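Here is the structure we will look at, set down as structure tokens.
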Amino acid sequence: MFFTSDESPDSGVSRRLSPMLATTPSKNHLAGTMVCTISYDGSNSGFQVGQNLGHITTQFLQSETSLNEACLRDLRTTNPHHDKDRIQNTNGGLLKDSYCWILDNKEFQQWQDNQSNCLLWIRGDPGKGKTMLLCGIIDELTRSIGDTVNISFFFCQATDVRINNATAVLRGLIYSLVKKQPSLLSHVKSQYDHAGKVLFEDINAFNALSRIFTDILKDPTLPTTYLIIDALDECTTGLASLLDLITQVSSACPQIKWIVSSRNWPDIEERLDTTQTATISLELNEESVSEAVSKFIQHKVHYLAKVKKYSDETRDTIGHHLSSNSQGTFLWVALVCQELDRISRRHALKKLEAFPPGLNALYGRMIDQVRNSEDAESCKRILAVMSIVYRPIAFDELASLVELPDDLSGDSEALSEIIAICGSFLTVREDTIIFVHQSAKEFLLRETQTGVFPGGIEAEHQTIFSRSLKAMFKTLQRDIFQIKFPGLPIEKVIPPSPSTLAAAQYACVYWVDHLHNSRGHEKKNLDIDERGCVSDFLQKKYLHWLEALSILGSISQGIAAMLKLEGLLQGKGESATLLHRVQDASRFIRYHRLAIERCPLQVYSSPLIFSPMSSLTRRCYQGERPDWVLNEPLVDNDWSPCLQTLEGHSGPVRSIAWSQDGSRLASASSDITVRIWDPATGQCVSTLEGHRYSVNSIAWSQDGSRLASASDDNTVRIWDPATGQCVSTLEGHRSSVNSIAWSQDRRRLASGSSDNTVRIWDPATSQWAASLSWCGSSVNSIAWSQDGSRLASGSSDNIVRIWDSATGQCVLILEGHRYSVNSIAWSQDGRRLASGSSDTTVRIWDPAIGLCATLEGHSDWVKSISWSRDGTRLASASRDRTVRIWVPATRQCVLTLYISSPDFVQFDKVNFNHLHTSIGTFDIGLTGIVTSTHSSTVLEQYGYGLNDDHSWITYNGVNLLWLPAEYRPTSSGLFSVSATNVAIACSSGVVIFLALTEQSPIPGL
């Protein structure tokens, strides 16, 4: 709501107006913004309100309703109620006689009546009718308890990308709950108002939704609730995390009753056995299931007899055959009846004997039918592709991946007829082709004698790889969606209808995966760069591919693809020229990830201006450079040591930590969050929220199962990084916690605080086992020796102390620093202890004799130090904006990196040639991370300018050219515009000049 006045009122009138304004509804949203004009006439009669407050309230409520609806729309990936209806209709309707046995089952009744048994697991082999059984349970619960409780359910299907992952499960359950009880939407909106639709879709979605889901289940207004999930085994992504969440919530929320179903998978059993779980095995209830199948057969045969006009004898013969051969499997009955429905009445009995008992035998008979059809070759090609693609594909995608006869190519109707021939295996839903059942796909992959893969599965992967490249060559082009604006963010891109990317969407994401899985196929001596196609693709279509990946939201997959391709080339010993080109392309996408991911057309601007002069990708695509940049600014000739920049935190980064296996990198920030990153792709995989003030230090447990964080809120929190949940909060310090460290055995966690103490905690009980007082001053850094027998602390009183962790006694005091000790670190062998101080020195101590060596060279505070794994190198980061690499044996500095105010350094635990700082990812390797952005005032000006966080050059306030981290000014005063000439004093210490065109560089602006 905006208020305007004709004159400035006196302070007394302002005070009288304040209470009225305080009670006026307000909401600062782009949609539904309210404007209330208030004029002041200079008298004591007050303000004249130009808009009725009641009308404002109505507008506000309408706006709030609209926002709630938008939130629900974005949350919904599918309506589980519609999925249930579809499943029932696909299976010919829900027959009560086929599921009612469960209602009298002893285990089911005990679960329903016993408050201590919250979780029921229904398990059985494929085709046993688990899904229809759960449909029946849902209907019976709905009828028996009505509106007095909530029922939320979800049906997983491995063959449907919308509903085959853990995030989709949570979205479906939450959607059903808030639709039934709208007041619960507030838990979703509290996060949605800040993040928008990306809350439900980005890589952090599962963790964010887990917290929302848990909050909803703990809401005091939530009545007794039933949560039902079918086919956990078909949750192909995130199943372990989902199972962990189910077991945690079922234990913490006894008012929630759970039913889950799955195949008899040991890994599911292992995780569900961690809680009190009731189990119903369909194999152990064979008599009840067989009787239900008999009722199902009677129903299906009655339907067929009515439709096909069977005689009583034919009807009875079919019913007897089905009963004798079904082996208690609903799916077998359904598939046979589907085939009989296609056969004329005259041939029904003759064909009946051709249906063998058992699913595998039946699938074998059906593949024989496919092989004997007139379109056998096309059918087999389609089945082969559908069996090994990584997600269900649409008609356009299939046509680009399968080599079909000319009369079928481009004919969607003819293609539908071919798929119909494969109807026993495939079905079509909303132009997407999927398997009728997961077991059908498993049969084709398992039974190689079917003839679907004549050259083997690896050869089929090679074929899909080749056709994927052809599809991308044919489809991809610059500005494929006619976006036009180089800085238009991806969320504002409107796809054309039909999509010009439709045929190549699958190929863009998965082409390297198919190449990777074809590498064992050598019958035709196919190499990775068959006929030079990969090299040709990188030289002609690479930027177009990156643009397409940005549109598809798949930049992370693109980075992973280039890294995988690089590894394949190295492993195969391919040509050095191609390997060099791939390595350069890999650096290109990682270095410019943020720009390309946020704005698809930026790939033709910033990366071609700021990539090094010798970059093969830059040189290859000079013709794509923007014509509104008239010069080439002076940039590095070669790629800098910085491999990748990771941005996401909204405040300075205080600490980073590698997991022991090097697969994850965590960062802690003054923005009160902890983020976990995938260092390969640069993707933030989780954001941990819970602290109330700045997070100062983080540490992984040795096995990577826990992450601890220390904060200015005087607490230490221990997180489960898999779920993003805080599992315990350690309270006891009276001031900020500055440093934390796990012991090697994970049984102890130490924390150092500004309250002058070190505490040693038992993470299992969340209790502190010892308090090491008399530290003399604020404890800035702590570190365990490798064997856990000693704990070192560095304090603001200039002293390093070594403690006996068993007795809590200080056994050694190391004095020599003249100012505060900011960082300490043990060498891997425990024989040396390094300390960095505000006196600008690094000291290396021999605790056995108390002597030290001093490393001098920094000109300002040493803020952080880190040993390489083998102890041959030591890194130090200083406020003098340098990181120095030392050889402790000679006390020599062998490398100095000039970067902006590194707050810390840490060697990669897997490859100590990589070093991480708060500024960049370096390879001296030295690898690092930038995760902080600093806000400043927006430069309001016409023509060329700078945006609020100095990351974009703008034109008339519209983003135009993204600036990589080292090419940004540290303040607005270091950015100068003179007409069309721009000068930037960069954070890296260099000054660059850009000569820009006088005409508007943005079409239509």
Side-chain angles (χ1 to χ4, degrees), residues 244 247-248 251-252 274-275 655 657-661 664 666 668 674 676 688 690-693 695-775 778-795 801-812 824-826 830 833 909:
D244 288 342
T247 55
Q248 290 170 15
S251 299
T274 61
T275 187
S655 178
W658 277 100
S659 62
Q660 191 67 19
D661 63 1
R664 291 166 294 175
V674 174
I676 300 175
L688 312 181
H691 283 294
R692 292 179 292 112
Y693 300 115
V695 186
N696 301 320
S697 179
I698 48 177
W700 290 92
S701 63
Q702 294 302 310
D703 61 1
S705 65
R706 291 292 183 265
L707 180 68
S709 60
S711 169
D712 279 345
D713 63 12
N714 308 347
T715 69
V716 173
R717 288 179 179 257
I718 299 177
W719 309 83
D720 180 346
T723 64
Q725 299 297 309
C726 176
V727 296
S728 60
T729 301
L730 312 182
E731 298 179 301
H733 282 296
R734 299 185 306 278
S735 188
S736 297
V737 186
N738 301 319
S739 181
I740 50 174
W742 289 91
S743 62
Q744 189 73 13
D745 61 6
R746 192 196 151 195
R747 296 172 61 185
R748 292 168 295 174
L749 180 67
S751 59
S753 168
S754 295
D755 65 7
N756 305 349
T757 68
V758 173
R759 291 180 183 263
I760 298 178
W761 306 82
D762 180 351
T765 64
S766 301
Q767 301 298 313
W768 55 276
S771 179
L772 313 182
S773 301
W774 307 108
C775 294
S778 174
V779 181
N780 299 325
S781 181
I782 54 175
W784 289 95
S785 62
Q786 187 69 10
D787 62 4
S789 65
R790 293 170 295 172
L791 183 68
S793 64
S795 305
R801 293 174 171 83
I802 298 180
W803 307 80
D804 184 322
S805 61
T807 65
Q809 298 298 310
C810 179
V811 296
L812 187 62
I824 55 175
W826 288 95
L833 179 68
K909 293 185 183 298

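By convention here, the first residue in the shown sequence is residue 1. As a basis for the values below, the full set of heavy atoms in this structure was taken, side chains included, without hydrogen atoms, waters or symmetry mates. Since this is a predicted model, take the numbers as computed values, not measurements.
The CD atom of Q702 sits 3.5 Å away from atom CD of Q744, with the distance rounded to the nearest 0.5 Å. Distance check, rounded to the nearest 0.5 Å: CG of D787 to CG of D745 gives 10.5 Å.
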Step by step, work out the side-chain contact (heavy atoms from CB on, under 4.5 Å) result for N696 and V737. CA-CA 7 Å; N696 301 320; V737 186; 5.8 Å; no
Worked verdict on N738 versus S754 for side-chain contact (heavy atoms from CB on, under 4.5 Å): CA-CA 7 Å; N738 301 319; S754 295; 3.0 Å; yes
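The minimum heavy-atom distance between Q248 and Q725, with the atom names listed, is OE1-CG, 4.2 Å. Nearest heavy atoms, N714 versus H733: CB-O, 3.6 Å. Closest non-hydrogen pair, A792 versus W826, comes out as CB-NE1, 3.7 Å. Across all their heavy atoms, S709 and W719 have their closest contact at OG-NE1, 2.8 Å. Residues V695 and H691 share a closest heavy-atom pair of CG2-CD2, 3.7 Å. For R734 against D755, the heavy-atom pair with the smallest separation is N-OD2, 3.0 Å.
Using a distance-only test at 3.5 Å, with no hydrogens or angles considered, a donor-acceptor pair links the side chain of D713 to the main chain of R692. Between the S785 side chain and the R790 main chain, a donor and an acceptor come within less than 3.5 Å of each other. Although no hydrogens or angles enter the test, the distance criterion places a donor-acceptor pair under 3.5 Å between the side chain of S805 and the main chain of S789. A donor-acceptor distance shorter than 3.5 angstrom exists from the side chain of S753 to the backbone of S736, with no hydrogens or angles considered. Looking only at distances, no side-chain donor or acceptor of S739 sits under 3.5 Å from a matching main-chain atom of G752. In this structure, R717 contributes its side chain and G690 its backbone to a donor-acceptor pair below 3.5 Å.
Of the listed residues (V727, V716, L749, L730), just one forms a side-chain contact (heavy atoms from CB on, under 4.5 Å) with P763, and that residue is L749.
For the pair S751/I740, a side-chain contact is recorded, criterion being any heavy-atom separation below 4.5 Å from C-beta on.
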